[in-house]
Amino acid sequence: MAEAADVLVVGAGLAGLTAARELTSAGHSVLVLEARDRVGGRVVNEDIGDGKIVEMGGQWAGPGQDKIYALAAGLGIATFPTYDTGKKVLHFNGRRGTYAGAIPRINPLVLADIGQAQARLEAMARKIPVDAPWTAARAGWLDGQTLETWARKNTGSRTARKLLALAAEAIFGAEPADLSLLHVLFYSHSAGAFQRLIDTTGGAQQDRFVGGSALIADRLAASLGGIVRLGSPVTRIEVTGSKVTATTTAGQFEGRRIVVTTPPHLAGRIEYTPQLPGWRDQLTQRTPMGSVIKTQVFYDEPFWRAEGLSGQATGDCPGARIVFDNTPPDGSPGILLAFLEGDQARRLSRQPAGTRRQAVVDSLAQYFGPRAAKPAGYRELDWQQEKWSGGCYGTLFGPSVWTRYGHGLRTPVGPIHWAGTETATAWAGYMDGAIRSGERVAAEVSQQLTV
Ligand SMILES: Cc1cc2nc3c(=O)[nH]c(=O)nc-3n(C[C@H](O)[C@H](O)[C@H](O)COP(=O)(O)OP(=O)(O)OC[C@H]3O[C@@H](n4cnc5c(N)ncnc54)[C@H](O)[C@@H]3O)c2cc1C
């Protein structure tokens, strides 16, 4: 006999768990079907001993992300500021320099060039309707070009374009050529501004969660009281009359409505009976994930702090191009979080693990000197290899996807509803957006169940 509930939720990430919580509070019975043997999806803690963890997935929150702060606080999880004291390192075009504040010490002409390009992006982003980017003025023109082609016309120097590429890698795990300009503008507006996506203090990297972001998912799941079924990847969704049946490798489940919270490309790998309309299937054919390997490099202590450095570094080294101090709140061990993103992740993913580790450590030595060359430990997670994510941080929208298929992102198909951070209109791609999408879909489903 299939287990049954009013609503089946596919995926126990922050979106699925939030949807389940909202639906249960509204009085509906819910079952959450999760492919992995853990909850959290793109948030995951890794034990490093001494009762401490590192986060191998999403970790930061910042101003404007009210939903994630509120959820964590409600579950008794405190935040602490990302270490942001001291100078930052920029290693670019073969030269290393340090700088205080937000503006690197580079050629003022290049700074003016990049500043002007960013100001143009910010102004264009403000005009994009976040709930329907395809209705923006000149949407087809914006969506018909990539950030790369736009940058070629709107910047005067190669260095400005390289800096813009670094920002794209850091924000999307992708290269400017992967991204529709309209998508970059939508994403910026959904976060408030492009600058917010980049900043530490005052931006999306401002705060961390004590005990790790995955604790939020763990506690949220625990509060749901046994409705999450782990190790249950949904392979098939069948709609017959007023009933929807989800087939998993661990059995069948029945409901009146089903909410799919996976990233769109994974929703596209589920078999649907009857077949989904072409507009939805073609959307999921066009929504790949970003390319990221998250690495954590351990030292006995955060030695860079004593040298007046914040631990934040960026540059064009062949290893890590974005680095943060990720030391636990008590200051030990010292941890540098080094991201491999976009083309770096794609290239280094194909190398042996030892080569990859060496590339990361070598780049840290370029940023922070010889002490960084002798780490005490190293961990990495290649999200491109994660079967139930397929990459991160989120879905990339290339040219023509928003304008041709954007309407299919949230539009339900019969009793099948869609959620997940990709469907959010505020903080899309972030933990906060995932929660917002869970709340939105729960209201949508609840309304359907009560008519
Ligand atoms: C390395 C990394 C760094 C990041 N950094 C940040 C950050 O600092 N701040 C921030 O806010 N965000 C960050 N993010 C993004 C953030 O983690 C995500 O936006 C958010 O967690 C997405 O939640 P979700 O519930 O929408 O999707 P997911 O977490 O992807 O949840 C979907 C769930 O569905 C499951 N699933 C997939 N297919 C099936 C199936 N067929 N059947 C059943 N279950 C299935 C998956 O296992 C998963 O648990 C980062 C992500 C990564 C990976």
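Indexing begins at 1, ligand by ligand and atom by atom, following the structure's order.
- Contact check on D382 versus R356 returns no salt bridge, with no Lys/Arg side-chain nitrogen under 4.0 Å from an Asp/Glu carboxylate oxygen.
- Checked by atom type and distance alone, the side chain of T327 never pairs as donor or acceptor with a backbone atom of G334 at under 3.5 Å.
- Here the heavy atom of the protein found nearest to atom 50 (C) of ligand 1 is G58 CA, 3.3 Å.
- By the side chain to side chain contact (heavy atoms under 4.5 Å, CB included) test, S188 is found to be paired with A125, V184, F194, L197, residues two or more places apart in sequence or in another chain being considered.
- Using a cut-off of 4.0 Å between Lys/Arg side-chain N and Asp/Glu carboxylate O, E444 and R410 are scored as not salt-bridged.
- Ring pair F397/F186: centre-to-centre distance not below 6.0 Å.
- Heavy-atom minimum distance, P328 versus P333: CD-O, 3.2 Å.
- Contacts of C392 with ligand 1, taken as heavy-atom pairs under 4.0 Å, involve the side chain alone.
- If you number the atoms of ligand 1 from 1 as listed, the ones under 4.0 Å from a heavy atom of G41 come out as 29 (O), 48 (C), 49 (O).
- If you number the atoms of ligand 1 from 1 as listed, the ones under 4.0 Å from a heavy atom of G429 come out as 15 (C), 18 (C), 19 (O).
- Every atom of ligand 1 is numbered from 1 in the order shown, and the set under 4.0 Å from a heavy atom of T421 is 19 (O), 22 (C), 26 (O).
- Rounded to the nearest 0.5 angstrom, E439 CD and L71 CG are separated by 8.5 Å.
- Residue T262 has no nitrogen or oxygen atom sitting less than 3.5 Å from a nitrogen or oxygen atom of ligand 1, judged on distance alone.
- Between Q59 and ligand 1, at least one pair of N/O atoms sits closer than 3.5 Å.
- Note: no N/O pair closer than 3.5 Å links P263 and ligand 1 by distance alone.
- Between M56 and ligand 1 there is a heavy-atom distance shorter than 4.0 Å.
- By the 6.0 Å and 45° rule, R229 does not stack over the aromatic ring of F253.
- Classification of K294 and E386 as a salt-bridged pair fails, no side-chain N sitting under 4.0 Å from a carboxylate O.
- Nearest-heavy-atom check against atom 30 (O) of ligand 1 across R229, R236, R42 picks out R42.
- For I68, no heavy-atom contact with ligand 1 is shorter than 4.0 Å.
- Within the 4.5 Å cutoff, no side-chain heavy atoms of E169 are placed close to those of F339.
- A donor-acceptor contact under 3.5 angstrom links the side chains of T247 and Q252, judged on distance only.
- Between W60 and ligand 1, at least one pair of N/O atoms sits closer than 3.5 Å.
- Backbone and side-chain nitrogen or oxygen atoms of M431 are examined, and one is located within less than 3.5 angstrom of a nitrogen or oxygen of ligand 1.
- In this structure, D178 pairs ionically with R346, as a charged nitrogen and a carboxylate oxygen lie closer than 4.0 Å.
- Under 4.0 angstrom from ligand 1, there are no non-hydrogen atoms of R269.
- Close N/O approach between V43 and ligand 1 is not found [any backbone or side-chain N/O within under 3.5 Å].
- Of all atoms in ligand 1, numbered sequentially from 1 with element shown, those under 4.0 Å from a heavy atom of G13 are 25 (O), 29 (O), 31 (O), 33 (C), 49 (O).
- Contact between G40 and ligand 1 is present, with at least one heavy atom of the residue lying under 4.0 Å from the ligand.
- Ligand 1 is never approached by G394 to a heavy-atom distance shorter than 4.0 Å.
- Looking at ligand 1, you'll find an N or O of A35 within less than 3.5 Å of one of its N or O atoms.
- Here W383 has side-chain heavy atoms under 4.0 Å from ligand 1, and that is the only part of it that gets that close.
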